[in-house]
Novice: 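A single structure is presented below for examination.
Both backbone and side-chain heavy atoms feed into the values below; hydrogens, waters and symmetry mates do not. Treat the numbers as computed from the prediction; the structure is a model and nothing was measured. Residue numbers start from 1 in every chain, and the chains themselves are labelled A, B, ... in the order their sequence lines are given, proteins ahead of strands.
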2 protein chains.
Amino acid sequence: MLDNVDKQILGLLQKNAKLTIKELAEELNLTTSPIFERIKRLEKEGVIEGYVALLNPERVGKGQVVFCNVSMPIYTKENIENFENIVRSMPQVLECYHLAGLVDYQLKVYVKDIKEYDDFLKQLAEIQIVKVHSSAVVLHDVKYSTVIQID
Amino acid sequence: MLDNVDKQILGLLQKNAKLTIKELAEELNLTTSPIFERIKRLEKEGVIEGYVALLNPERVGKGQVVFCNVSMPIYTKENIENFENIVRSMPQVLECYHLAGLVDYQLKVYVKDIKEYDDFLKQLAEIQIVKVHSSAVVLHDVKYSTVIQID
DNA sequence: AGTGAAATGACCCGAGA
DNA sequence: TCTCGGGTCATTTCACT
């Protein structure tokens, strides 16, 4: 479904979405037309989900990342839907995963500082159906990337 | 340092980096020149770190996310540097954070399936300076976003 | 699936307020 | 900092291979 040229295009666009079709064409020894059509196909098929600008969290006043682990004591379909919808609507939460592990959910939260995280925990506490199990404060980023390895 | 127009531009570009300067200008009731110059300024100042294409992990054969928690028993500067450099070079690891918590590091790993995660763990085991403490398999994504809330 | 060329439209940079 | 306007270059389409 993805040939070698597709994979190369995806690899390059994951690193830099501002590459022009012309630059991609030169890199892959093709003309602009096939590159253009392949990209359109990959977008339409949903392989490419979108193009975004990545910001420096510190420069926009959200330099503190905290992972919040929560459990759901009464594990019903309704509670799950309810909680997941609330989480999706919280802008501080950039990622949330339902885990098979010691806790039910892990939330990645972007805040200005620990004080702001405290405010967030109070918001979470209002959702009666989950309990905060633990929080892990990030000391520093070792790696942050959005590039998925395609083999 | 960031005025209201900057914040609006950043908010829009975080959601869709393919918006044209013209479209941004119309949205914010300005002409193209100030929008163009503000974006260039935000890029130069490092507020905007880059533009990337986001892919659908399943569509590229990396639909399984696993969190890997590791600890570093002998906690020296050399071991830290060493481990962090190895992690940064591993393409399966998209994110890695040094935590203040029960474990020292958390790695977010993208793999095809659990078998491939097993291979990854074997690679990690070769690094003698860290010990895998636990793994948490993702059952499903509740939320994945790269959009940082700017207030 | 690819090339090449032509039209459409975006980017970018002045001059001026 | 903004508007306006124009030159340059990338995107997009199409006829052909």
Novice: Think B:R38 has a side-chain N or O under 4.0 angstrom from the OP1 or OP2 of D:dT1?
Specialist: no
Novice: Should A:E116 and A:K62 count as an ion pair when the cut-off is N to O under 4.0 Å?
Specialist: yes
Novice: Once you round it to whole Å, what is the distance between C1' of D:dA10 and CD1 of A:I35?
Specialist: 14 Å
Novice: Using a 4.0 Å heavy-atom cut-off, does A:T20 contact any base of the nucleic acid, only the sugar-phosphate backbone, or nothing at all?
Specialist: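 A:T20: backbone/sugar contact only, no base atoms under 4.0 Å.
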Novice: For B:E43 and C:dC11, give me the distance from atom CD to atom P, rounded to whole Å.
Specialist: 12 Å
Novice: Write down the distance between NZ (B:K18) and C1' (C:dC11), rounded to a whole number of angstrom.
Specialist: 14 Å
Novice: Rounded to whole Å, please give me the gap between CG in A:L30 and P in C:dG4.
Specialist: 11 Å
Novice: Let me know the distance between CD1 of A:I21 and C1' of C:dT8, rounded to the nearest Å.
Specialist: 14 Å
Novice: Let me know, please, whether A:T32 or A:R41 comes out on the 5' side of the other along DNA chain C by nearest nucleotide.
Specialist: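 Its nearest nucleotide being more 5', the pick is A:R41.
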Novice: State which residue, out of B:E43, B:R38, B:E37, fulfils the side-chain contact (heavy atoms from CB on, under 4.5 Å) condition with B:K40.
Specialist: B:E43
Novice: Which nucleotide, D:dT11, C:dT3, C:dA10, lies nearest any side-chain atom of B:K22?
Specialist: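 Comparing D:dT11, C:dT3, C:dA10 against the side chain of B:K22, the answer is C:dA10.
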Novice: Can you tell me whether the side chain of B:S33 and the base of C:dC12 have a donor-acceptor pair closer than 3.5 Å?
Specialist: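 Answer no: no donor N or O sits under 3.5 Å from an acceptor.
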Novice: Nearest whole angstrom, please: distance from the P of C:dC11 to the CD of A:E23.
Specialist: 15 Å
Novice: Give a yes/no on whether any side-chain N or O of B:K40 is located under 4.0 angstrom from OP1 or OP2 of C:dC12.
Specialist: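 Result: yes.
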Novice: What is the distance, to the nearest angstrom, from the CG atom on B:L24 to the P atom on C:dA10?
Specialist: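 Answer to the nearest Å: 12 Å.
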Novice: Starting at CD of A:E37 and ending at P of C:dA1, how long is that distance when rounded to a whole Å?
Specialist: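 Going from A:E37 (CD) to C:dA1 (P), I get 11 Å.
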Novice: Would you indicate whether the side-chain heavy atoms of B:I74 and B:I129 approach each other to under 4.5 Å?
Specialist: no
Novice: Look at the side chain of A:F36 and decide which nucleotide, out of C:dT3, D:dT13, D:dC2, has an atom nearest to it.
Specialist: D:dT13
Novice: Are A:V60 and A:Y110 connected in the hydrophobic side-chain network, where two residues link if heavy atoms are under 4.5 Å apart?
Specialist: yes
Novice: Is the closest side-chain heavy-atom distance between A:F83 and B:V142 below 4.5 Å?
Specialist: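 No, their side chains stay 4.5 Å or more apart.
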